[in-house]
Structures are given as structure tokens and as C-alpha cells.
Chemist: 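This is the structure I have questions about; it appears just below.
Computation of the quantities below employed the complete heavy-atom set of this structure, encompassing side-chain atoms and omitting hydrogens, waters and symmetry-equivalent molecules. Position 1 is the first residue of the sequence, and the numbers go up from there.
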Amino acid sequence: MTTRTSFLRTLVIAAVVALGLIAAPTAAFAAFTDVERATPQYTAASLAVPAAANVTMTCSFGIRATVTVNSFSTVANANYHDIKIFDRSGNLEFTGDLSKAAGKTYTSGYEVIGTWTYEIRGYYKVPGSTNTWTGKVLKGSLSC
């Protein structure tokens, strides 16, 4: 009987193993054939220095200056440009939006005129956000 019991035990074990293999989930044998690629939701750009600018300064009796931006090179990828004008002491006198005519001319009050400087820069103002990318600055000097 020992042989018969051991034969039956082996047969039952083999049947249980066979049923386990048949009933096992087939996910282990799955294959994926579809390919999806995500497109990036952001990009990066560098804002260069404006290539050139034509900025003039005229003085009245050495005590009043008018600075005019006649032309400037726009910066690729920038959606805003401005000019900052500094007096002979390095104090900020004026900041102008170069997309508007009023931002292209500045007339000082009465003060002693010397060599003034200006900076023109491009910016990228991110739409729907308060974030701004700042470009490199074009510096120049003006004197009467």
C-alpha cells in the first residue's frame, strides 16, 4: 500500500501543479506593442544682447537733456524691450517701454548734464504668469 499511496500522492501533486499553471494569471506573459511619446510642455531659450541701437542725446544750455531711441535691434524670443537711462551720477532717470512711442523719448528736468549711460534689454514675459526671462544688456553712453 505504501507504493500505491505514494503513487496517488504524486498524482495528486502533479494534478495540483498542472491546474495551478493553467489557472495562473497570464499577465506574466503579456507583451506591449503600442508606443506613446510625451511631448515636452516647456522649452528653453536664450535672450541675446540687442545687436545695435541708435540713441541720441540733445542738450539745452547744458542743463536739460532729451534722449531719443531712434532705432534698436529686437532680440529673438523677446516679447518686451525697455531702455533704462542713468544720469552722470549713475542714478536711474528713466525706464521706457520701447514698444510704445512714449517710451522712446525722455526729457530731463533742469540739472547739470554730463555723460549719461543707457541700457537696452529684451525680456520674455511668460503669458499668464508673473515670470519674466531677462536678456543680456546693450550698454551705451551719451553726452552733449
Chemist: In terms of hydrophobic clusters joined by side-chain contacts under 4.5 Å, are L98 and Y124 together?
Modeler: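 Not linked; separate clusters.
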Chemist: Look up atom OH in Y80 and atom OG in S99, then write down how far apart they are to the nearest 0.5 Å.
Modeler: 7.0 Å
Chemist: To the nearest 0.5 angstrom, please state how far the OH atom of Y123 sits from the OG1 atom of T132.
Modeler: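 Answer for the OH-OG1 pair, Y123 versus T132, is 8.5 Å.
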Chemist: If Ile, Leu, Val, Met, Phe, Trp and Tyr residues are connected whenever their side-chain heavy atoms lie under 4.5 Å apart, and connections chain through other members, are Y110 and F61 in the same group?
Modeler: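 Both belong to a single hydrophobic cluster.
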Chemist: Quick one: does H81's side chain have a donor or acceptor within less than 3.5 Å of a partner on V75's backbone?
Modeler: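 Present.
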Chemist: Roughly how far, to the nearest 0.5 Å, is the NZ atom of K136 from the CG atom of L47?
Modeler: 8.5 Å
Chemist: Could you measure the distance from the CG atom of L142 to the OG1 atom of T56? Nearest 0.5 Å is fine.
Modeler: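 So the gap between those two atoms works out to 8.0 Å.
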Chemist: Would T107 and T66 count as a side-chain hydrogen bond (donor to acceptor under 3.5 Å, both in side chains) if you check the C-alpha gap in whole Å, the side-chain angles of each, and the deciding distance to 0.1 Å?
Modeler: CA-CA 4 Å; T107 301; T66 300; 3.2 Å; yes
Chemist: Keeping S108 on the side-chain end and A65 on the backbone end, is there a donor-acceptor pair under 3.5 Å?
Modeler: yes
Chemist: Looking only at non-hydrogen atoms, find the nearest pair between I83 and G103 and report the distance.
Modeler: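 Looking at all heavy atoms of both residues, the shortest contact is CG2-O, 3.8 Å.
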Chemist: Do you know the tightest heavy-atom contact between A51 and S73?
Modeler: N-CB, 3.6 Å
Chemist: Ignoring hydrogens and angles, state whether a donor on the side chain of T117 or S141 is under 3.5 Å from an acceptor on the partner side chain.
Modeler: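 No, no side-chain donor-acceptor contact under 3.5 Å.
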Chemist: Hey, are the side chains of E111 and I63 touching, using non-hydrogen atoms and a 4.5 Å cut-off?
Modeler: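 Side-chain contact under 4.5 Å: no.
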Chemist: Does the pair E119 and L138 meet the rule for a side-chain contact (heavy atoms from CB on, under 4.5 Å), with working shown?
Modeler: CA-CA 5 Å; E119 296 178 352; L138 171 67; over 6 Å; no
Chemist: Would you say N79's side chain and K125's backbone share a donor-acceptor pair under 3.5 angstrom?
Modeler: yes
Chemist: Using a 3.5 Å distance criterion without hydrogens, assess whether the side chain of R64 forms a donor-acceptor pair with backbone atoms of G109.
Modeler: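 Answer holds: no.
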Chemist: Measure from the side-chain N and O atoms of S89 to the backbone N and O of N91, and report whether any donor-acceptor pair falls under 3.5 Å.
Modeler: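 Checked: no pair found.
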Chemist: Do F86 and E93 pass the side-chain contact (heavy atoms from CB on, under 4.5 Å) test, and can you show the C-alpha distance, the side-chain angles, and the key distance before you say yes or no?
Modeler: CA-CA 5 Å; F86 300 91; E93 282 282 323; over 6 Å; no
Chemist: So, for V67 and V55, which heavy atoms are closest and what is the spacing to 0.1 Å?
Modeler: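 Answer, listing the atom of V67 first, then V55: CG1-CG1, 3.7 Å.
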Chemist: To the nearest 0.5 Å, what is the distance between SG (C144) and CD1 (I113)?
Modeler: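 Here the interatomic distance stands at 6.0 Å.
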Chemist: Would you kindly confirm whether V137 and F72 end up in one hydrophobic cluster when ILVMFWY residues are joined by side chain heavy atoms under 4.5 Å apart?
Modeler: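 Different clusters.
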Chemist: Is there a side-chain contact (heavy atoms from CB on, under 4.5 Å) between F94 and K84? Walk through the geometry before answering.
Modeler: CA-CA 6 Å; F94 175 72; K84 290 184 178 10; over 6 Å; no
Chemist: R121 vs K139, test: side-chain contact (heavy atoms from CB on, under 4.5 Å). Steps then yes/no.
Modeler: CA-CA 9 Å; R121 179 184 314 249; K139 293 183 179 186; over 6 Å; no
Chemist: In Å, rounded to the nearest 0.5 Å, how long is the span from CD1 of I85 to OH of Y118?
Modeler: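 Separation between the atoms: 10.0 Å.
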